[in-house]
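Okay, structure first, notes after.
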Amino acid sequence: MYVDSPDIEVIETIQELQKKLNRNERKNTTVGFVPTMGYLHEGHLSLVKHAKEQNDIVVMSIFVNPAQFGPGEDFESYPRDRERDIRLANEAGVDILFIPTVDEMYPADGGVRILPAKQAHELCGASRPGHFDGVLKVVLKLFNIVDPDRSYFGMKDAQQLAIIETFVRDFNLRTVIVRVPIVREEDGLAKSSRNVNLTPSERTEAASIYRALQIGSEMFAAGEIPEAIKQRVSDFIVSNSSGMIDYVEFLTYPGLDPVTDGAQEVILACAVKFSSTRLIDNIIMSTKDGTYVPNDDEQ
Ligand code: PAF
């Protein structure tokens, strides 16, 4: 273990982190955990803010997890900047930053896989086979290493969050999962580490994703049927950007089932590809007085 600044402690090995966070030694001190793949932005810092409000110690991990990237995906080009991340995490008040290497996390990987719940077949799961197996594998490892009281996940990755909630429930994992609202740029684009890989014109065009979702959510609140909404959202994005639609879907949340009468929460979600950069976004709506309205608490 070594100290990179007077405040934050940067730890690279599992053994040292486990020793540091041993429950017998930390007694009643609570640990809030923010797992990330780094290249931090305000979305991550918002997770830290929530974790700080609710816990005594905040632990963040930065690990670009190869197990959740498929062949031909952007594992190599995923943005990385260790020094910048340490500085931002420190400024945000992270107490312990865990930055393991791939060898540290997967020293002798036996290839054991976790089969996620059926929610993983929808949305990103359909176009990224095996992605959520890899997410659950690393998340379980991190939960076992950190043993957090609470773990913080952003609603931009709403499907990931729903799958992790189901996983924690089904396997009686000790941590409590906390949902944190999406943080957006001024023009509405959801903050994402991948935004940095957009060209300037793609970056401008990418704002059309959220505008399209807003139009879709207004249509749903006005009683339009899912098929018409999905078509309108796709058309809007295609006519206002060079992005290629991967999917536009409308499902229940968090079950990710087809929407039927009486659904309490619904998600309008999409994935759009700009050259090599794939962006996702969503709006969740819940029923209020029998009408669906955007769920501001979650957005
Ligand atoms: O959301 C992410 O950044 C990653 O999927 C996670 C949860 C850190 C697992 O690698």
Side-chain angles (χ1 to χ4, degrees), residues 3-12 17 20-21 29-65 68 74 78-100 135 138-139 142-143 145-146 148-161 164-165 175-198 203 206-207 209-210 277-284 295-299:
V3 176
D4 279 83
S5 84
D7 303 316
I8 199 165
E9 209 168 349
V10 179
I11 296 182
E12 295 177 337
L17 188 63
K20 182 100 195 159
L21 296 175
T29 315
T30 56
V31 170
F33 179 43
V34 179
T36 80
M37 298 205 300
Y39 212 76
L40 303 179
H41 52 70
E42 282 91 336
H44 298 116
L45 305 181
S46 164
L47 302 179
V48 173
K49 184 167 171 283
H50 283 76
K52 279 186 77 63
E53 281 164 8
Q54 297 175 341
N55 303 276
D56 302 309
I57 299 174
V58 175
V59 178
M60 174 186 275
S61 64
I62 293 182
F63 180 64
V64 185
N65 172 34
Q68 68 188 73
D74 59 348
Y78 196 88
R80 294 162 171 88
D81 190 335
R82 179 189 162 96
E83 295 316 314
R84 175 180 171 278
D85 282 347
I86 293 173
R87 179 173 53 76
L88 290 177
N90 189 22
E91 285 168 8
V94 171
D95 299 293
I96 298 174
L97 187 54
F98 179 48
I99 316 186
V135 169
V138 82
V139 162
L142 290 167
F143 285 169
I145 294 164
V146 176
D149 295 277
R150 299 181 189 85
S151 301
Y152 295 79
F153 291 88
M155 287 298 296
K156 181 175 74 67
D157 299 301
Q159 182 179 19
Q160 166 174 279
L161 184 39
I164 291 172
E165 284 176 347
T175 194
V176 170
I177 302 297
V178 182
R179 296 181 182 184
V180 179
I182 297 176
V183 180
R184 298 184 179 281
E185 302 285 355
E186 255 177 39
D187 63 4
L189 178 65
K191 300 257 183 190
S192 163
S193 305
R194 288 187 167 98
N195 291 350
V196 74
N197 286 339
L198 296 168
R203 167 63 193 84
I209 298 174
Y210 184 51
T277 309
R278 187 173 171 282
L279 302 180
I280 57 172
D281 200 354
N282 70 79
I283 287 183
I284 291 181
N295 187 344
D296 293 324
D297 284 339
E298 300 294 10
Q299 302 293 318

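Only this structure's heavy atoms are used, side chains among them; waters, hydrogens and symmetry mates stay out.
- Checking side-chain atoms of N282 against main-chain N and O of K156 turns up a donor-acceptor pair under 3.5 Å.
- In this structure, CZ in R84 is found 12.5 Å from CD1 in I86, a value given to the nearest 0.5 Å.
- Not a single salt bridge (Lys or Arg N to Asp or Glu O under 4.0 Å) links D81 to another residue, sequence neighbours left out.
- Judged by distance alone, the side chain of R150 and the main-chain N or O of V178 form no donor-acceptor pair under 3.5 Å.
- Under the 4.5 Å side-chain criterion, counting only non-hydrogen atoms from C-beta, L142 is in contact with F33.
- No side-chain donor-acceptor contact under 3.5 Å links D187 to the backbone of Y210.
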Evaluate the criterion side-chain contact (heavy atoms from CB on, under 4.5 Å) for residue pair V48 and L40; output intermediate values, then yes/no.
CA-CA 11 Å; V48 173; L40 303 179; over 6 Å; no
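- Side-chain atoms of R179 never come within 3.5 Å of backbone atoms of A158 as a donor-acceptor pair (strictly under, hydrogens ignored).
- One distance of note links CD of E12 with CG of L97; it measures 9.5 Å at 0.5 Å rounding.
- Of the possible polar contacts, none joining the T29 side chain to the D56 backbone as a donor-acceptor pair under 3.5 Å is found.
- Proximity of a side-chain donor or acceptor of S151 to a complementary backbone N or O of I177 within less than 3.5 Å is not detected.
- At least one side-chain heavy atom of I164 sits under 4.5 Å from a side-chain heavy atom of V139.
- When atom types are taken as modelled, the side chain of R80 and the backbone of Y78 share a donor-acceptor pair closer than 3.5 angstrom.
- Here the side chain of N195 pairs a donor or acceptor atom with the backbone of A190 at under 3.5 angstrom.
- Judged as a salt bridge (Lys or Arg N to Asp or Glu O under 4.0 Å), and not counting sequence neighbours, the contacts of E53 are K49.
- In terms of modelled atom types and a separation under 3.5 Å, the side chain of K52 and the main chain of G93 share a donor-acceptor contact.
- Within the model, atoms CD1 of I62 and CE of M60 stand 6.0 Å from one another, a figure rounded to the nearest 0.5 Å.
- No donor-acceptor contact under 3.5 angstrom links the side chains of Y39 and N197, judged on distance only.
- Screening E42, H41, H44 for a side-chain hydrogen bond (donor to acceptor under 3.5 Å, both in side chains) with K191, the sole residue that qualifies is E42.
- In terms of modelled atom types and a separation under 3.5 Å, the side chain of N55 and the main chain of T30 share no donor-acceptor contact.
- Taking the side chain as every heavy atom from C-beta outward, V59 and K20 never approach each other to under 4.5 Å.
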